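The structure appears right after this line, and notes come after that.
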Amino acid sequence: MIYKFLSFILIMNSIQNMYNILLESYGKQGWWPLTSITENKGYHPGRYYLPRTHGEIFEVYIGAILTQATNWKTVEKAIKNLKELDALSPEKLIITDRTSVIDAIKSTGYYNQKYKRLLAISEYYLKLGERKPTRHELLGIDGIGKETADSILLYAYRDPVFVVDAYTIRILENHKLIKKKEKYESVQKLFSDSIPRDFKVYQEFHALLVEHAKRYYIKTTPKEKKKKIIFDPLLMEI
DNA sequence: AACCAGGACGTGA
DNA sequence: TCACGTCATGGT
């Protein structure tokens with residue numbers, strides 16, 4: 001029993017170390033990217049007061065839906081298209097004709113689903129008014145699962161909710177900090193137990209894990225078919 | 001030219 | 001509960 005306790009302490013320490021090293025290596029990431037920020041492709045490191053307007057907050061919702069199972073570059077294009085269409089607000093999105101919106105978001109794939117989901121969050125966002133959503137409410141909306149809900153809470157509202165994505169799982173598995181098929185909430189709790197309850201840390205850590213995974217956890221050449229992971233330099237350090 | 005992307009959801013076992 | 005198929009375009 002005491003053995004288990006000690007190993008848990010070590011794991012917590014590794015998580016904290018991982019954050020320190022990633023931050024030191026890559027710097028502040030400045031998520032969530034916003035079109036109102038013209039420089040640095042919308043990223044705004046250190047400006048933790050963002051987003052602040054309804055336009056910026058709603059853009060996080062839109063991006064969170066559109067980025068599901070696709071890369072951000074295609075989402076960037078889609079949001080830009082929506083802006084040119086003048087459909088980048090819940091009110092406008094609802095009244096804009098379906099084919100125009102679908103055409104705008106086509107690059108992100110799954111456009112039929114995503115169109116429906118954009119409508120759903122638009123309706124919800126309007127009903128919300130000035131109120132802040134709860135996780136439970138968000139999860140009740142079509143197309144919003146755990147990761148999307150937590151992304152919205154963390155990046156649109158600055159709630160200290162850790163976002164667990166596929167990359168996070170992959171990295172932690174590789175470092176043997178979790179077992180395979182560890183559950184979402186379980187991984188989330190591990191982070192909550194290991195790092196200070198500070199939304200800024202949560203935002204940066206998640207973004208840093210994504211950055212790290214993009215560098216070392218994606219297959220690079222068709223040759224390395226069997227090897228998903230190249231080599232993670234962090235394995236030596238933590 | 002496969003293989004994968006900042007997932008979610010429905011279904012059948 | 002859980003493993004698996006589906007949704008679809010674009011980047012590497």
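Atoms considered below: every heavy atom in the structure, side chains included; atoms not considered: hydrogens, waters and symmetry mates. Note that the structure is predicted; figures quoted are calculated from it, not measured.
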| Taking only N and O in the side chain of A:Thr148, is any of them less than 4.0 Å away from OP1 or OP2 of B:dA8? | yes
| Within this structure, what is the CD1-to-P distance between A:Ile169 and B:dA5, rounded to whole angstrom? | 14 Å
| remark: Rounded to whole Å, the CD-P distance (A:Glu76 to B:dA5) equals 19 Å
| When the nearest nucleotide of DNA chain B is assigned to A:Trp31 and to A:Ile144 on a heavy-atom basis, which residue is associated with the more 5' position? | A:Trp31
| query | Below 6.0 angstrom between ring centroids: does that apply to A:His212 and A:Tyr216? | reply | yes
| field | P gap between B:dC3 and C:dA8, integer Å | value | 22 Å
| message | Can you see if the side chain of A:Arg170 gets near the phosphate of B:dC4 - specifically, an N or O under 4.0 Å from OP1 or OP2? | response | no
| request: Figure out the CD1/P separation between A:Ile141 and B:dG7, and round it to whole Å. | output: 19 Å
| query | Which word best sums up how the rings of A:Tyr155 and A:Trp31 line up, parallel for under 30°, tilted for 30 to 60°, or perpendicular for over 60°? | reply | tilted
| A:Leu139 CG to B:dG7 P, straight-line distance once rounded to whole Å | 16 Å
| request: Can you tell me the distance, in whole Å, between the CZ atom of A:Phe205 and the P atom of B:dG6? | output: 18 Å
| remark: Taking for A:Lys214 and for A:Asp142 the nucleotide of DNA chain B with the nearest heavy atom, the one nearer the 5' end belongs to A:Lys214
| query | What does A:Tyr43 touch in the nucleic acid at a heavy-atom separation under 4.0 angstrom: a base, only the sugar-phosphate, or nothing? | reply | base
| C1'-based separation of B:dG6 from C:dA3 [nearest Å] | 23 Å
| field | Euclidean distance, atom CD of residue A:Gln68 to atom C1' of C:dG10 [Å, nearest integer] | value | 17 Å
| request: Establish, with yes or no, whether the OP1 or OP2 oxygen of C:dA8 is under 4.0 angstrom from a side-chain nitrogen or oxygen of A:Asn112. | output: yes
| field | pi-stack flag for A:Tyr110 and B:dA8, centroid dist under 5.5 Å, interplanar under 30° | value | no
| message | Checking contacts here: which listed nucleotide (C:dT12, B:dA5, C:dA3) is nearest the side-chain heavy atoms of A:Lys181? | response | C:dA3
| request: Please state whether the phosphate of C:dT9, meaning OP1 or OP2, lies under 4.0 angstrom from any side-chain nitrogen or oxygen of A:Tyr111. | output: yes
| said: Categorize A:Glu147 for me: base, sugar-phosphate, or nothing, with a 4.0 angstrom heavy-atom threshold over every strand shown. | reply: sugar-phosphate
| said: Do A:Tyr184 and A:Ile169 make a side-chain contact, defined as non-hydrogen atoms from C-beta onward lying under 4.5 Å apart? | reply: no
| DNA chain C: 5'-proximal contact among A:Lys77 and A:Ala69 (nearest heavy atom) | A:Ala69
| field | Worked check of ring-ring contact (aromatic ring centres under 6.0 Å, His included) between A:Tyr61 and A:Tyr125 | value | CA-CA 9 Å; A:Tyr61 281 71; A:Tyr125 192 83; 5.1 Å; yes
| field | Validation row, ring centre A:Phe205 to ring centre A:Phe162 under 6.0 Å | value | yes
